[in-house]
Amino acid sequence: MELFSSRVLWLDLSKGKVSYEELSKYRRFLGGRGVNQYILIKNLPLGLHPFDPESVLTIGAGLLVGTDAPGACRVSIDTKNVFTGGIGSANVGGDFGPELRSAGISNIVLSGKAEDLIYVCIRDGRVEIRDASHLQHKNTSETDEILKKDLGTEFQVMTIGPAGENLAAASCVVVNRARSASRCGVGAVFGSKNLKAIAVKGEGTVEASNSQDFSRAIQKCIEKLNQSEFNRRRMKYGVYCYDEPWGVETPYRNFSGEVPPEEKKRKLTPDEFLKYKVGKRTCRSCPIACWSVYRFRHGNQWVTTEALQGNDISNFGTRLDMDQPEDVLYAHHLCDELGLDVDVASSSIAWAFDCYNRKIIGTKETRGLELEWGNTEAVFELLRRIAFRDGFGDVIADGCKTASARIGRGSEYCVHVKGNDLFESLWVSPSWALGVVVSPRGGTHTRGTVIEKRMSEAPEELCRELFGVASIGEITSYENKERLVVFMERLNTILDCLGICMFTHSARPDMLLPEDYAELLSAAMGSQIDASELLQIGERVHTLEKCFNTLHTSWTRKDDSPPKVFLERPLLGKYSIDVEKWNSLLDRYYEAHGWNKETGQPRRETLASLGLTEIYDLLKEKGRIN
């Protein structure tokens, strides 16, 4: 099948009604996140809670998923954000996306709520809603195993764990037992619809229009990836492959502003985790194979876990003061099994530890748990309690902001952006901080941030091509940093629309660049598109997300401010965000997008230039544009 010959599946779980549309209807948004976002803004009624049966949940495989394009396996899950009320968006790799495209489906639009727990079975586009009572409270690996035993091992499974079933906002969606779509509470939205899992099997193939040019473009990309020293490290170690666990800043002990001891860093280097690596897997069509498999002892048991992330080191290693690789691996394993978002779950636990050490809560509230920094058994127990909303786990299951509101008593030590828990440290780099804070889904580094150390060696010619400046400047400088963020927002948006993993660029000048993705897409579509046109589509989709937030929230410019901890609690007494410089940077960021710098809202002429006049009319009709 050709790229745009896939269908969009609409499924009303309340009525069991199935209908289809052609993907080609949404061609200007390519696929994946782009199509999801357009469907959401056009079809999600105002005023609904994310758990309302009529709320909409979208799942979309990117346009190149199912082809052999490097890293083309990614699926976006988009809905209303459980934490913020704005756009909720998550992204996941693995083999589910290619299988969905093989079944002739690119996107799934879910509404309604099943009366009892169900799973959806898709076989070559034929859809069945099946009873899932036998899967209730099963871990993600158990669910995967049971469904493959019932349906066949060739099926690919997307599932939630107990956390999602119990509507814990800290829940995620898991594919292939180890790949997680995290942030924004998407697992809880699955649970709110009584949807345990989706299993899919297809027999079709996705074909490029110009197979010879496509093959040449693929080979060119693979050769470029293989030449990157950083990428070779990732192939060796896995996702967590950095030269050191952290640089100057970390969220040590819930963003204390202190630095972990140097001996702690030596205990948590990639080489220490490499000792436990027993193999690796790869997402379909990916040449990087960063999906490492680890085996280690926990107590009297041998445990196998997969796909350790760099986030795990920040979240468990530093934020919760755990210094043994086996403990970090086990915490990661528990999150995978229970269907927990590592970032949010660890944030809530760190907030609880902080409150405990400040004598705001005690063992009475925690039911006997002593939350002293580094108490790994307490961390493991709290992860279980969050997933099952058990006791104090119920208090912290919906993120630290909600927990703080419930506890009160001076417990305002939650670090979040617009209600979305944060693990990213923002003290040192203004470009990193801006990319995190202005992310439409609320506080995240995977949309517009730049790790400037990786771009510092980019030649002047490339800097001018990508950012319009001769160099990216000093890491602590505020000058021109909006250019870096806007570029990365457009690029990462495009990758989610194409379904290509961001690790194929990793924000490095020696890996894939916009022209590489444009060459791949041109050959696959059989029509020419250049890098600038591709990035313009990224701007269109990113602006759609901004419009969704304008429609569904009351956010103002003030909501694009960093958490106070990064202003009032300097790192090492030295680094902090300069408010005056931040506001000037934010002005330039809004102007770069063509948004009103007083309100942060997109201007009418900006939406018109992006082909989104109908969205302006919608915002005006609903009284959301000033």
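Residue numbers count from 1 along this sequence. All of these numbers come straight from a predicted model, not from anything done at the bench.
Put simply, the side chain of Trp373 never gets that close to the backbone of Ala350: no donor and acceptor are under 3.5 Å apart. Looking at Lys224, its side chain never comes within 3.5 Å of a backbone N or O of Leu512 through a donor-acceptor pair. The backbone N or O of Gly408 lies less than 3.5 Å from a partner atom in the side chain of Ser411, making a donor-acceptor pair.
Residues Leu369 and Thr363 form no side-chain contact, since every pair of their non-hydrogen atoms from C-beta on lies 4.5 Å or further apart. Using a 4.5 Å heavy-atom threshold, the side chains of Tyr240 and Gln309 count as separate. At a threshold of 4.5 Å between non-hydrogen side-chain atoms, the residues Val293 and Lys277 do not count as touching. Residues Asn81 and Asn420 meet the side-chain proximity criterion, which asks for heavy atoms closer than 4.5 Å. Inter-residue side-chain proximity for Lys80 and Ile87 is flagged as unmet; no heavy-atom pair is nearer than 4.5 Å. Side-chain contact between Thr444 and Arg447: present, with at least one pair of heavy atoms (C-beta onward) separated by less than 4.5 Å. Residues Ser346 and Leu320 meet the side-chain proximity criterion, which asks for heavy atoms closer than 4.5 Å. Inter-residue side-chain proximity for Ser425 and Trp246 is flagged as unmet; no heavy-atom pair is nearer than 4.5 Å.
Ser506 and Arg234 share a donor-acceptor pair across their side chains, judged by distance under 3.5 Å alone. A donor atom on one side chain and an acceptor atom on the other are found under 3.5 Å apart for Thr446 and Arg441. Ser141 and Glu337 form a side-chain donor-acceptor contact under 3.5 Å, judged by distance and modelled atom types alone. Under the 3.5 Å distance criterion, with hydrogens and angles disregarded, a donor-acceptor pair is assigned to the side chains of Ser431 and Glu452. With no hydrogens or angles considered, a side-chain donor-acceptor pair links Asp560 and Tyr590 at under 3.5 Å. Side chain to side chain, Asn311 and Asp343 meet the donor-acceptor criterion of an N or O pair below 3.5 Å. Side-chain atoms of Tyr276 and Glu326 include a donor-acceptor pair closer than 3.5 Å. Side chain to side chain, Ser89 and Asp78 meet the donor-acceptor criterion of an N or O pair below 3.5 Å. Side-chain atoms of Glu306 and His333 form no donor-acceptor pair, as typed in the model, at a separation below 3.5 Å.
Tyr330 and Phe380 have perpendicular rings, their planes meeting at more than 60° on a 0 to 90° scale where under 30° would count as parallel. Relative orientation of the Trp595 and His542 rings is parallel, given thresholds of 30° and 60° on the angle between their planes.
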Could you give me the CA-CA distance, side-chain angles and deciding distance for Tyr294 and His332, then say whether ring pair (Phe, Tyr, Trp, His ring centres under 6.0 Å) is met?
-> CA-CA 11 Å; Tyr294 305 88; His332 169 84; 7.9 Å; no
Begin from the C-alpha positions of Asp323 and Lys264 and carry the test salt bridge (charged side-chain N to carboxylate O under 4.0 Å, His left out) through to its verdict.
-> CA-CA 6 Å; Asp323 62 8; Lys264 183 181 181 70; 5.2 Å; no
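The line from CZ of Arg409 to CZ of Arg358 is 14.5 Å long, rounded to the nearest 0.5 Å. Annotation: the span from Asp243 atom CG to Thr269 atom OG1 amounts to 11.0 Å, rounded to 0.5 Å. Rounding to the nearest 0.5 Å places OG1 of Thr318 at 8.5 Å from CG of Leu268. With rounding to the nearest 0.5 Å, the separation of CG in Leu334 from CG in Leu382 is 11.5 Å. Atom CG of Asp510 is separated from atom CE of Met455 by 9.5 Å, given to the nearest 0.5 angstrom. Note that SG of Cys355 is 7.5 Å distant from OH of Tyr413, once rounded to the nearest 0.5 Å.
The side-chain tip of Arg385 does not point at the ring of Phe392 from less than 6.0 angstrom away and within 45° of straight on. Arg569 forms no cation-pi arrangement with Phe255, by the criterion of a distance under 6.0 Å to the ring centre and an angle within 45° of the ring axis.
Leu225 approaches Asn231 most closely through the heavy-atom pair O-ND2, 3.1 Å.
Between Tyr237 and Phe273, the ring center distance fails the sub-6.0 Å criterion. Two rings, from Trp582 and Tyr478, have their centers 6.0 Å or more apart. Here the two rings, on Phe83 and His416, have centers that are 6.0 Å apart or farther.
SG atoms of Cys241 and Cys290 are separated by 2.5 angstrom or more, inconsistent with a disulfide link.
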